Amino acid sequence: MKLKIAVLAGDGIGPEVTREATSILRAVAELGGHDFTFTEGLIGGIAITETGSPLPTATLDTALDSDAVLMGAVGDNKFNALPPDKRPEAGLLQIRQALGGFANLRPSIAYAALSESSPLRPEVTKDVDILFVRELLGGLYFGAPRWWNRETNESINTMRYTKAEVTRVARIAFELAAKRRKKVTSVDKANVLEVSQLWRATVTEVAQDYPEVTLEHQLVDSMAMHIMNTPRNFDVVLTENLFGDILSDEAGVITGSLGMLPSATIGGTVNLYEPVHGSAPDIAGTGKANPLGAILTAAMILRHSANLEQDAKAVEQAVHKVLNAGYRTADIARGRPSITTQEMGKLVHQALAESIDLRQAMHAV
Ligand code: IPM
Ligand code: MN
């Protein structure tokens with residue numbers, strides 16, 4: 001298996017967690033005899049500092065020429081005063097648009113070993129396994145017009161969706177649900193917004209092609225509450241761009257930390273992989289960052305871009321194993337002693353090597 005991976009580590013804790021993720025991918029390649037190549041590129045604040053642009057052309061070219069793009073995180077307080085289109089985050093939005101992936105998959109899983117790390121009671125989070133499908137290229141993030149007029153003190157953003165944009169992301173949600181627990185919960189604000197009424201009507205229409213999948217609609221405000229009250233009721237949760245941004249951070253509470261959440265964006269020319277967490281500049285360089293979100297993102301590369309499902313599972317199981325053995329980074333330690341970013345990466349690496357060795361030994365028999 002050959003795979004060209006563009007690595008855009010970005011800002012803050014991005015480089016340190018991405019290092020652990022790529023080292024896991026290198027291990028999988030080595031153990032399985034695969035040919036993975038890694039090309040680094042600049043994005044976000046570091047790219048602004050070094051080139052003046054949050055997404056330099058060279059980075060975009062590298063990304064477009066790859067089979068998968070692995071991102072770290074973007075964002076740096078240094079640039080807080082800049083308008084949105086000049087900030088590090090603009091680089092991320094531009095690359096999302098250029099790669100064309102419109103379905104952002106964000107799994108939120110409750111790890112038994114971390115049940116004490118969640119502020120929710122263990123009986124609430126037990127066995128939770130939600131897959132958010134967040135529309136990534138439409139809505140308020142990209143709608144025009146958008147401006148802030150400082151003279152008139154007026155500003156505008158536009159929430160806009162076409163039926164085609166809703167249909168394509170809804171199809172992905174239904175396809176994925178068909179392979180899981182066969183339920184899609186579509187999130188909107190159809191009691192107030194026309195965009196949501198179009199969303200709801202379109203999703204209802206798409207559902208007719210998937211009779212084996214149950215569809216329910218939830219208003220975003222009550223959904224925010226249901227996710228905390230009864231997270232086990234949800235399988236695939238389909239949302240527009242901003243609602244998915246908000247609800248997926250909220251779902252980090254189920255897992256115990258935002259640092260645990262991976263994501264994959266599919267449907268475009270090149271898939272884009274990024275942990276859900278941000279650049280966390282306050283802890284950058286301290287060894288406190290949790291690399292598991294990035295490592296689980298690497299597992300999603302194996303699943304969605306390399307078609308190596310067994311290896312993807314092996315990485316996920318290695319993460320389970322290390323957590324079950326009691327190892328914790330600071331964000332999930334809850335008073336226990338914690339280990340560093342690098343130590344966590346190394347432990348997952350060891351657990352992975354053991355399980356792949358075992359698989360190969362079993363094949364050889
Ligand atoms: C995310 C992030 C981004 C988003 C930011 C950094 C632009 O919060 O991936 O969830 O809002 O999409
Ligand atoms: Mn977010």
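Values in this document were obtained by computation on a predicted structure and should not be read as measured data. Ligands are counted one by one from 1 in listed order, and the atoms in each one are counted from 1 as well.
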Can you find an N or O of Tyr141 that's nearer than 3.5 Å to an N or O of ligand 1? yes

Which residue pairs satisfy the salt bridge (Lys or Arg N to Asp or Glu O under 4.0 Å) criterion with at least one member in residues 140-160, sequence neighbours excluded? none

Shortest protein contact, atom 2 (C) of ligand 1 (heavy atom only): Asp245 OD1, 4.0 Å

Suppose the criterion is salt bridge (Lys or Arg N to Asp or Glu O under 4.0 Å): which pairs have a residue in residues 267-291, not counting sequence neighbours? Arg96-Glu274

Should the pair Asp67-Lys2 be classified as a salt bridge under the 4.0 Å nitrogen-to-oxygen rule? no

Counting only protein N/O/S atoms, those under 2.8 Å from the Mn ion (ligand 2) total 1

Quick one: nearest non-hydrogen protein atom to atom 5 (C) of ligand 1, plus distance? Leu92 CD2, 4.2 Å

Tell me which pairs pass salt bridge (Lys or Arg N to Asp or Glu O under 4.0 Å) where either residue lies in residues 303-318, with sequence neighbours left out. Arg303-Glu309, Arg303-Glu316, Glu309-Lys313, Asp311-Arg359

Return the OH to CG distance between Tyr273 and Leu8, rounded to the nearest 0.5 Å. 13.5 Å

Between the candidates Arg87, Glu89, Arg96, which shows the shortest non-hydrogen contact distance to atom 12 (O) of ligand 1? Arg96

Could you tell me whether Asp127 and Arg232 have a side-chain N and a carboxylate O separated by less than 4.0 Å? no

What distance separates Glu216 CD from Met223 CE, expressed to the nearest 0.5 Å? 7.0 Å

For atom 1 (C) of ligand 1, what is the nearest protein heavy atom, given as residue, atom name and distance? Arg106 NH2, 3.3 Å

Backbone or side chain, does any N or O of Arg134 fall under 3.5 Å from an N or O of ligand 1? yes

State, without any angle test, whether His277 and Ser257 hold a side-chain donor-acceptor pair at a distance under 3.5 Å. no

